Number of protein chains: 2
Amino acid sequence: MDLNDRKRKILQAIIDEYIGTAEPVGSRAISKVKELGLSSATIRNEMADLEEMGYLIQPHTSAGRVPSDEGYRFYVNSLMSRYRLGMEAIENLHLELEKRVNQLDKLIKKAGMITSALTEYTTFVTSPEQSLAKISKIDIVDLGSGRTLVIVVTQDGLVRNCMLSLSLGNDNSERLAAILTSKLSGLSVDEIDFEKIREIEAVIASSMTLSPKSLVNILNFVYETISDLSATEIYVDNVKSILKFPEYRDVAKASEIFGFLENKENLKKLIASGGDGKNINVVIGDENTAEPLKDCSLVTVNYSLDNRTRGKIGVIGPKRMDYAKVFASLDLISTHIDRILNLYHDDSS
Amino acid sequence: MDLNDRKRKILQAIIDEYIGTAEPVGSRAISKVKELGLSSATIRNEMADLEEMGYLIQPHTSAGRVPSDEGYRFYVNSLMSRYRLGMEAIENLHLELEKRVNQLDKLIKKAGMITSALTEYTTFVTSPEQSLAKISKIDIVDLGSGRTLVIVVTQDGLVRNCMLSLSLGNDNSERLAAILTSKLSGLSVDEIDFEKIREIEAVIASSMTLSPKSLVNILNFVYETISDLSATEIYVDNVKSILKFPEYRDVAKASEIFGFLENKENLKKLIASGGDGKNINVVIGDENTAEPLKDCSLVTVNYSLDNRTRGKIGVIGPKRMDYAKVFASLDLISTHIDRILNLYHDDSS
DNA sequence: GTTAGCACTCTTGTTTGTTGAGTGCTAATC
DNA sequence: GATTAGCACTCAACAAACAAGAGTGCTAAC
């Protein structure tokens with residue numbers, strides 16, 4: 001059977017309608033679409049065809065049609081019209097993000113919140129992946145009371161810290177920090193392994209007086225703090241929107257998704273599975289590998305720094321989500337973040 | 001009417017039962033409680049009395065009784081028996097918290113997760129309030145590419161940072177950091193105001209060559225970063241548990257609470273309203289000022305440092321929550337955190 | 001090729017009756 | 001005088017029966 005232009009238009013109309021109402025769409029409703037100008041009987045015939053082709057599903061005889069996963073897929077790939085975001089929304093976004101530019105973690109968090117405000121769906125964002133980020137400085141602060149703080153700063157401006165319970169005194173702390181900074185700065189997290197640490201250990205042992213035990217202790221913590229850099233944070237926002245959708249009236253289903261979203265491990269797997277490119281990525285219903293998302297759709301986009309993927313922004317909603325709007329929102333926000341992140345880097349080149 | 005011993009025992013039995021089942025409790029069920037050894041008819045009479053006294057409510061004739069807010073209140077204050085946590089739970093807690101001791105933020109976050117695991121209710125925790133925390137060090141790092149990072153460290157080991165887009169060079173950064181540290185260390189966030197900053201501005205202007213614009217810029221950001229210290233973070237965990245309770249089968253109600261919990265402003269108000277003492281605090285149903293919590297109970301406890309309240313851990317659940325268990329859990333975890341936090345401070349005194 | 005018309009299907013909402021848990025009251029019992 | 005057995009009564013919850021309505025597929029006419 002041929003998916004001619006008319007069938008495409010009808011399919012589009014059905015899915016548009018279903019996205020709005022969440023109710024099976026009957027032939028009568030589509031016959032009222034002006035541009036088509038067809039009677040319900042004709043639509044019925046076409047609908048039967050579209051069902052046979054796998055794009056529609058009939059929940060039961062005498063109900064209207066509902067898009068199948070394939071239907072949504074085709075809609076996303078070839079049918080849906082572009083969504084135009086309002087100017088106020090765009091300006092608002094500018095304003096909100098600009099304010100946060102001075103704190104990397106918060107910038108990303110805010111980006112997630114803006115996305116959920118734009119789309120009205122649940123969103124998640126990951127903090128920039130730092131495994132290739134270069135270390136800029138290591139600081140060691142003796143806080144007194146037998147506590148010492150190790151602080152690692154990357155060239156992207158991310159800061160991680162770690163406390164250990166021993167006291168070095170201010171002088172020793174400073175000297176140690178200087179050695180560590182000179183030995184490690186410019187290296188990426190991936191380049192620092194136990195061997196490298198051992199090498200530094202030797203240098204310190206020869207130029208400073210520190211008990212071997214303290215030294216090992218400190219270096220372990222430095223190593224741990226550095227490794228901690230590559231641990232991506234994930235922020236989820238607007239989970240409550242899930243309860244808005246009639247498809248989650250069933251509390252058991254909603255609960256399943258909530259549980260899934262509250263477990264960071266699940267989200268990490270989810271993120272790892274997404275693509276790496278610049279484009280927006282969509283996973284519809286059963287295409288999801290994670291069981292609880294089998295009747296959700298997931299739309300993700302990468303943001304990047306130095307043309308390298310650094311993190312993801314994603315939207316999770318019912319399969320009948322407003323894809324056009326989500327695409328437009330993610331597109332806008334990801335390019336915006338890219339611009340902010342790369343601003344400084346471009347300056348230097 | 002007199003609330004004699006028998007009435008108390010019956011009330012306790014009813015509430016215990018209701019906490020377990022969430023179903024109105026009938027006289028038959030209570031007549032089966034061995035220790036009482038009373039017939040259902042007697043119980044009925046007593047129940048009628050308890051209702052008249054305001055401790056019980058009958059949803060409709062021919063239904064059993066449900067505790068009123070006053071009933072719960074009396075139960076919490078005078079009736080409930082102590083709950084004994086299992087040894088494995090306690091040991092597990094030790095282990096989990098000990099691992100996190102090296103990162104203040106994470107320690108607190110973990111404490112919330114443990115509480116939600118122990119109680120199976122939604123929990124929240126606030127990061128330690130830092131308005132009285134003393135500044136230990138200020139560091140300024142030139143990241144290159146026209147970005148400079150300001151890092152503030154408190155004596156508690158909390159680290160906050162802020163990025164600004166100007167370049168000072170390494171030497172200037174270090175010198176500036178040294179001046180700021182010497183002028184600000186030992187002061188609490190509250191003690192640093194615009195006047196103080198202005199004073200520092202003068203010192204810097206006289207001893208360094210910096211464009212006045214950069215200087216103002218930097219000091220603004222330093223001030224902002226310091227102010228940011230006193231912004232308490234709130235972590236919420238195990239929200240999904242709310243959907244487990246039959247009282248939230250109604251999605252609209254659940255949604256209301258979810259919305260409430262996702263808005264940090266609401267939570268901040270909630271926290272501000274709680275007591276300041278060492279004791280566990282309970283707010284039952286209508287006693288809550290926040291509308292969406294009117295049929296929830298809220299149990300909070302403060303954790304402290306230097307005998308000063310620093311933050312809160314709280315549990316939110318249905319009014320028929322297992323108060324005994326929640327009390328025991330919160331008690332355990334708060335004393336544990338207190339111990340960990342004060343460990344170092346005790347050393348120094 | 002399109003559409004009006006019609007019989008048919010199946011969900012949804014409503015009504016009605018039934019069941020059962022639980023009550024309050026009274027009278028008998030300890 | 002306190003306790004309890006017994007009984008009539010109430011009301012939510014469930015199920016069966018029914019009506020209404022939305023939507024379909026098919027046929028025959030346009």
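In what follows, every chain begins at residue 1, and chains take the letters A, B, ... in the order their sequences are listed. Keep in mind that what you see is a predicted model, and the values were worked out from it rather than measured.
Whole-Å rounding puts the B:Gln58 CD to C:dA21 P distance at 17 Å. The nearest whole Å value for the distance from the NZ atom in B:Lys32 to the P atom in C:dA21 is 10 Å. Atom NE2 in A:His60 sits about 8 Å away from atom C1' in D:dG23, given to the nearest Å. Whole-Å rounding puts the A:Ile10 CD1 to C:dT2 C1' distance at 12 Å. Remark: P of C:dG22 and OH of B:Tyr18 are 14 Å apart, rounded to the nearest angstrom. Distance CD (B:Glu23) to P (C:dG20): 17 Å, rounded to an integer number of Å. Remark: P of C:dT3 and CZ of A:Arg28 are 15 Å apart, rounded to the nearest angstrom.
The side chain to side chain contact (heavy atoms under 4.5 Å, CB included) test with B:Lys7 singles out one residue from B:Met47, B:Glu46, B:Gln12, and that residue is B:Glu46.
Taking a 4.0 Å limit (strictly below) on heavy-atom distances, residues 38-51 of chain A reaches DNA chain C at A:Leu38, A:Ser39, A:Ala41, A:Thr42, A:Arg44, A:Asn45.
Taking the six-membered ring for Trp, B:Tyr55 and B:Phe74 have ring centres closer than 6.0 Å. For B:Phe245 and B:Tyr121, the ring centers are positioned less than 6.0 Å apart.
Not a single donor-acceptor pair under 3.5 Å links the side chain of B:Glu17 to the backbone N or O of B:Ala29. In this structure a side-chain-to-backbone donor-acceptor pair under 3.5 Å is present from B:Asn288 to B:Leu293.
The phosphate of C:dT23 (OP1 or OP2) has a side-chain N or O of B:Arg65 nearer than 4.0 angstrom.
Looking at which nucleotide of DNA chain D each of A:Ser62 and B:Thr61 is closest to, the 5′-most match is held by B:Thr61.
Salt bridge status for B:Lys9 with B:Glu35: absent, with no side-chain N to carboxylate O gap under 4.0 Å.
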